[in-house]
Amino acid sequence: MGLISSLATFGRYCLFIKRVFSVPDRWAVYGRRTVTEISKLGIDSIPLVLIISVFIGAVITIQMQLNIASPLIPAYSVGLATRDIVLLEFANSILCLILAGKVGSNIASEIGTMRVTEQIDALEIMGINSANYLVLPKITAFVLFMPVLVVLSIATALVGGYLVALVTDLISVNRYVYGLQALFQEWYVWYGLIKSLFFAYIIASISSFYGYYAHGGALDVGRASTNAVVSSSVYILLFDVILTKLLLQ
Amino acid sequence: MIEIRNLKKSFDGRTVLHGIDATFETGKTNLIIGQSGSGKTVLMKSLVGLIQPDSGEILFDGRNLPTMTSEQISDLRKEIGMLFQGSALFDSETVLGNVLFPLMMFTDKSHEEQMERALFCLERVKLTGAEKKYPSEISGGMQKRVAIARAIALNPRYLFCDEPNSGLDPRTSIVIDELLSDITHEYGITTVINTHDMNSVLGIGENIIFIKDGYREWVGDMTQIYNTGNEALNDFVFATRLFKQVRDYVATHESRTPQR
């Protein structure tokens, strides 16, 4: 029964995505809406990304220093490990799990509210493909802006570690900076950016799907929002495993 | 003109519409009335294509909605205006933005021409001066008037209104009714109004279809309704003491009026 229900949901998602990825009625309107969504979903997320990244960067640095303190391990390893953790996992996967909460719930509740207040019906009756009109700009905007958020997150997390080196005596600044530069692999940056594009698509499309098919009242919109965040998070983790296997091996 | 022939719809084995036949005339306010759960909302949603009927025909000037392709439905919908029960205005747009929306999506007019048309529609519903306000900043009655302005922006041939007086005070309800009636006559629109507001029924009901338990129970106009022998309709329309008194007054008044 659960399998059939899951397959039915997946089928409905596929049909929904087919409607989303059709040619927009008006390219100019689509362009304007995409810019608005970049501001709403992307730029408005920058403060959260910066705050979380600087603290996590600092915490990773402290924990690295405390856990790998050994005369056999060079001191610059703290900077190196902090950098690689941020590049490989934090600034893409963990950041996207956090954004699934903020952006995902925002998208699902916005579209869900439009559904229960008949705004989506109003679009349909006007002859507008509501899925395409509402969702495509969100997906485009979030996928386009996600690399910016990832790069900002990487930079801020490393600054967080730098601040730890600067204001505490756990590690010297020179050794931390040397560690950041040591054995650098450019591919790790690309790997993180590629993963983040997939995750951005997952967050925007799944959240839109749950919002679009919300029905009832405020409770149902809340439920749709929760389902959107949970499903997005699970799929991010699943694709994290798949993409890591594909891109790093 | 919109004609419905033998329209049937069931949900999970429960029949909601039992072969409805009706005609909604051009240039008239056509009212669908009935108790909650009688099937009038399903009928309205079937008319605008939000619900696919099980069988039957819905003819928009001869064009049968249930057999249309999605492109044909999309084209037909550009001829339709709809006023929703909750107004369904776009929260993120101003009053002017809401009225401009269909013009931006479906016309190739210049921005100045679109603005001119939008401002004309707002003036028509007496909302000049509220252009920059957002839906959350205006009253329910004003929201309904914005929704009417949006619905008529593209000069629709068909106007559907789902309980336009829901949640409004009696005075504002009358304003909305008069506005819908005026617009219908002025532009020759086929207007279909789904309502259970008796003031609307007795005030603007030029063609009334009474639905009961999914069946078309009665058809007539607002003058015929006072003398109907249909018991279910009498129970529904003249349910309150006030409306019973109105009916009795009209009956007495008519009996005293000399026949010509």
Side-chain angles (χ1 to χ4, degrees), chain A residues 15-16 18-20 22-41 44 106-138 141 211-218 220-221, chain B residues 41 44-51 65 68 70-93 97-109 111 114 135-136 143 146-148 150-154 156 158-163 166 192:
Chain A
L15 291 172
F16 170 72
K18 189 182 160 206
R19 287 194 69 209
V20 168
S22 50
V23 180
D25 292 315
R26 291 275 161 148
W27 283 102
V29 175
Y30 165 70
R32 272 201 300 274
R33 284 188 57 78
T34 303
V35 172
T36 308
E37 296 297 343
I38 284 177
S39 163
K40 218 163 57 180
L41 303 179
D44 286 357
N106 175 301
I107 292 174
S109 57
E110 180 191 325
I111 297 180
T113 304
M114 289 188 75
R115 167 64 75 191
V116 300
T117 55
E118 298 179 310
Q119 292 176 51
I120 291 180
D121 288 343
L123 285 170
E124 289 290 331
I125 281 170
M126 285 179 202
I128 294 167
N129 177 347
S130 59
N132 172 270
Y133 175 80
L134 292 173
V135 179
L136 191 58
K138 289 186 192 297
Y212 194 82
Y213 288 104
H215 56 85
D220 302 280
V221 174
Chain B
T41 299
M44 175 69 94
K45 288 193 171 178
S46 302
L47 278 172
V48 294
L50 288 176
I51 289 177
L65 177 65
M68 284 183 188
S70 55
E71 286 78 19
Q72 287 171 323
I73 292 173
S74 192
D75 288 339
L76 173 68
R77 282 177 170 169
K78 287 163 194 163
E79 300 173 20
I80 292 176
M82 178 136 187
L83 175 61
F84 285 87
Q85 188 174 350
S87 299
L89 297 177
F90 304 126
D91 302 326
S92 55
E93 299 282 348
N98 268 283
V99 183
L100 270 174
F101 183 80
L103 295 164
M104 285 195 307
M105 293 302 288
F106 298 116
T107 67
D108 292 319
K109 289 178 179 172
H111 182 65
Q114 290 174 354
S136 58
Q143 287 180 9
V146 178
I148 293 171
R150 184 178 68 181
I152 63 169
L154 290 176
Y158 315 101
L159 179 62
F160 294 92
C161 309
D162 187 16
E163 307 210 5
S166 169
V192 182

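Labels below follow one simple rule: chain letters A, B, ... track the order of the sequence lines, proteins then strands, and each chain is numbered from 1. Everything numeric here is computed off the predicted structure, so don't read it as measured data.
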*asked:* Tell me the closest heavy-atom pair linking A:R26 and B:F106, and the distance in Å.
replied: NH2-C, 3.9 Å
*Provide the closest heavy-atom pair for B:R150 versus A:A122 in the form atom of the first, atom of the second, distance.*
NH2-CB, 3.8 Å
*asked:* Need one label for A:D25: side chain, backbone, both or neither, based on atoms under 4.5 Å from any heavy atom in chain B.
replied: side chain
*Would you indicate whether the side-chain heavy atoms of B:F160 and A:I125 approach each other to under 4.5 Å?*
no
Can you give the donor-acceptor pairs under 3.5 Å from side chains of residues 129-137 of chain A to other protein atoms, not counting sequence neighbours?
{"from": "A:N129", "atom 1": "OD1", "to": "A:R19", "atom 2": "NH2", "distance (Å)": "3.2"}
{"from": "A:N129", "atom 1": "OD1", "to": "A:A131", "atom 2": "N", "distance (Å)": "3.3"}
{"from": "A:N129", "atom 1": "OD1", "to": "A:N132", "atom 2": "N", "distance (Å)": "3.1"}
{"from": "A:N129", "atom 1": "ND2", "to": "A:R19", "atom 2": "O", "distance (Å)": "3.0"}
{"from": "A:N129", "atom 1": "ND2", "to": "A:S22", "atom 2": "OG", "distance (Å)": "2.9"}
{"from": "A:S130", "atom 1": "OG", "to": "A:E124", "atom 2": "OE2", "distance (Å)": "2.5"}
{"from": "A:S130", "atom 1": "OG", "to": "A:Y212", "atom 2": "OH", "distance (Å)": "2.6"}
{"from": "A:N132", "atom 1": "ND2", "to": "A:V20", "atom 2": "O", "distance (Å)": "2.9"}
{"from": "A:N132", "atom 1": "ND2", "to": "A:S22", "atom 2": "O", "distance (Å)": "2.7"}

*asked:* Counting heavy-atom pairs closer than 4.5 Å to chain A, which one of B:R77, B:Q85, B:K45 comes out on top?
replied: B:R77
*Apply the test side chain to side chain contact (heavy atoms under 4.5 Å, CB included) to residues B:M104 and A:R32: give CA-CA distance (whole Å), side-chain angles for both, the deciding distance (0.1 Å), then the verdict.*
CA-CA 12 Å; B:M104 285 195 307; A:R32 272 201 300 274; 3.9 Å; yes
*asked:* Taking salt bridge (Lys or Arg N to Asp or Glu O under 4.0 Å) as the definition, give me every residue that meets it alongside A:D44, ordered by chain and number, with sequence neighbours left out.
replied: none
*Below 4.5 Å from any heavy atom of chain A, which atoms of B:L89 appear? Answer side chain, backbone, both or neither.*
backbone
*Who are the ring pair (Phe, Tyr, Trp, His ring centres under 6.0 Å) partners of A:Y30, not counting sequence neighbours?*
A:W27
*With only heavy atoms counted, which part of B:D75 is less than 4.5 Å from chain A, the side chain, the backbone, both or neither?*
neither
*asked:* Ignoring hydrogens, what is the shortest heavy-atom contact between A:M126 and B:P102? Give both atom names and the distance.
replied: SD-CB, 4.4 Å
*Contact listing (chain B partner; residues 107-117 of chain A; heavy atom under 4.5 Å)*: A:M114, A:T117
